[in-house]
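Lettering of chains follows the sequences in order, A, B, ..., and the numbering in each one begins at 1. The model shown is predicted, which means the values in this text are computed figures rather than measured ones.
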Amino acid sequence: MSSPGLEELEKEITDNVQRCWKCRMCVAMCPTYEGWFTQSTAGRLMAINLYIKHGLGSEEELSTMLYACTTCRRCQERCRMLSTDCRPADTILKARQYLVKRAELREGRES
Amino acid sequence: MSKSLKDVIPVGHTYIRDNVLEKDTLTGVSESKALWAKDLDLPKKAEYTFFAACGYQHMKYVEAMMGALKSAAKVGVGMGKVVGISKVFGKLGLDLTSITAKITASKDDPYTPVLISTVNILRKLGVEVGYLHEEEPCCGSPMYYAGFEDDYAGHARKNYEIFQSFGVRKLIGLVPACTAALKTVYPGYINGYDLEVQHLLEVVAQKLKETGIKPQYKERVKVVYHDPCQLSRYLELTDEPREIIKSIEGVELVEPDPEQCGKWSTCCGGGGLEATHPELSERIGVRRAEELLETGASVILSNCPACDLQLTRVTKKLGANVKVIDLVRLLDEALA
């Protein structure tokens, strides 16, 4: 059982975001949401999607957004009950793994 | 210009990863792991093995470290900018020894006794548990939530070998994050993972029903239960704690808004977020405490070291007349 490579992670993340209807049910669920969209689940998902697909934004910006998630899964529960079940909290976790993996590859670490 | 790992990943997380990989504990404090159990005479081998985990044992250090972090944060951590935090944590690493020396001297630690209460409760309900003492590994789950997947997978495999070498078959976990990791995340990284993992509350709820024991608390109190995220949504344990609380005589359970309890419980913002976004974490904590205080309860019960720590601190900050107690400690007193 080897962990997925970068491309696999990219596909998994963007596929999950593709399934998202942008209903924003998750936004109100997010404990970190205080008004800025990137403080919410949907905002984080869209940011990582834009980064992977179009190279928008920077890794530092993504890091600040993604690591502000508490991984409490309240959004995921809401998504499962009322929306498309795109597993938003797990996708944010995958996005963190993506950032780590990219940095490790740059540093030439064997994985 | 190539960005390195520490430019992108918050230093709080890489710090914890290094602790787990090098010292096999959460905080990197090389305290004897089995200190809490020295008077309990727990065997290494039994049908059930208790997984005590770092959480409760290291919370006293985490509390001091976070205190130092927050006072240093006035230098300008702002909205959790990665660079600001790294400077603060650099300073923190240097002060770690003096901080921990202060803590070890003080006996005022509400977290470690939770472990002793756990063993007491299990004994009162007729369950004898084993404990791996010094050999108990750190489950490494903070690494998983920080995204260090490869490090985590390697650590998990190593831990599974340790469990196998001691013939562990059934685990009883207490710290929600560790229990959830052992139960739901490990199987994804280990071929043929066959450990049976239960959370303490499952065991207790079942035993209370079987034995018909009626716990009695010494006074009448109105309590509100804060569902830790890892219990309510990762392990899906929302009925068991409520059954247990309702079975205790003298304790009245009040609930916040249905959209804020059970599987919809709001996160308290404690745990890993504190290491990277301390100010955001505190604001989330205050919001959660306000929801809980609205119920008018005089005691907040929880069952997670991170939630205990966070709620204790924010209720103190709010000046609220409320006590934060771990469910396990209350039950231990009520079973006496």
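Inspection of non-hydrogen atoms places no residue of residues 9-24 of chain A under 4.5 Å from chain B. Contacts between residues 79-86 of chain A and chain B, defined by a heavy-atom separation under 4.5 Å, are made by Arg80(A), Met81(A).
Atom NZ of Lys53(A) has more than 12 heavy atoms from other residues, nucleotides or ligands within 6.0 Å. Heavy atoms of other residues, nucleotides or ligands lying less than 6.0 angstrom from CD of Glu294(B) number 12 at most.
Listed here is the closest heavy atom pair of Arg287(B) and Tyr33(A): NH2-O, 4.4 Å. The minimum heavy-atom distance linking Leu5(B) with Ala103(A) is given by the pair CD1-CB, 3.4 Å.
Arg233(B) and Glu77(A) are not joined by a salt bridge, as no carboxylate oxygen comes within less than 4.0 angstrom of a charged side-chain nitrogen.
Residues His277(B) and Tyr67(A) keep their aromatic ring centres 6.0 Å or farther apart.
Judged by a 6.0 Å distance limit and a 45° cone about the ring axis, Arg96(A) is not positioned over the six-membered ring of Tyr145(B).
Taking chain B as the reference chain and counting heavy-atom pairs below 4.5 Å, the highest number among Arg74(A), Glu59(A), Lys94(A) is found for Arg74(A). Contact count against chain A (heavy-atom pairs under 4.5 Å) is highest for Ser265(B) among Pro228(B), Ser265(B), Cys268(B).
For the atom pair Asp227(B) CG and Cys72(A) SG, the distance stands at 12.0 Å (nearest 0.5 Å). To the nearest 0.5 Å, atom CG of residue Leu273(B) and atom OG1 of residue Thr71(A) are 9.0 Å apart. For the atom pair CZ (Phe148(B)) and CD (Gln97(A)), the distance works out to 11.0 Å, reported to the nearest 0.5 Å. If you take OG1 on Thr70(A) and CG on Leu280(B), they are separated by 9.0 Å, rounding to the nearest 0.5 Å. Between the CE atom in Met29(A) and the OG1 atom in Thr266(B) there is a gap of 8.5 Å [rounded to 0.5 Å].
Both the backbone and the side chain of Arg78(A) come within contact range of chain B, each with at least one heavy atom under 4.5 Å from a heavy atom of that chain. Neither the backbone nor the side chain of Cys30(A) has a heavy atom closer than 4.5 Å to any heavy atom of chain B. Heavy atoms of Glu259(B) lying under 4.5 Å from chain A belong to its backbone as well as its side chain. Heavy-atom distances place both the backbone and the side chain of Tyr234(B) under 4.5 Å from chain A.
Here the side chains of Glu104(A) and Glu149(B) are not in contact, with every heavy-atom distance at 4.5 Å or above. Side-chain contact check for Val100(A) versus Arg17(B): every heavy-atom pair is 4.5 Å or farther apart.
Evaluation of the salt bridge (Lys or Arg N to Asp or Glu O under 4.0 Å) rule for Glu236(B) yields no partner, not counting sequence neighbours. Residues satisfying the side-chain hydrogen bond (donor to acceptor under 3.5 Å, both in side chains) criterion with Gln76(A), sequence neighbours excluded, are Asp90(A).
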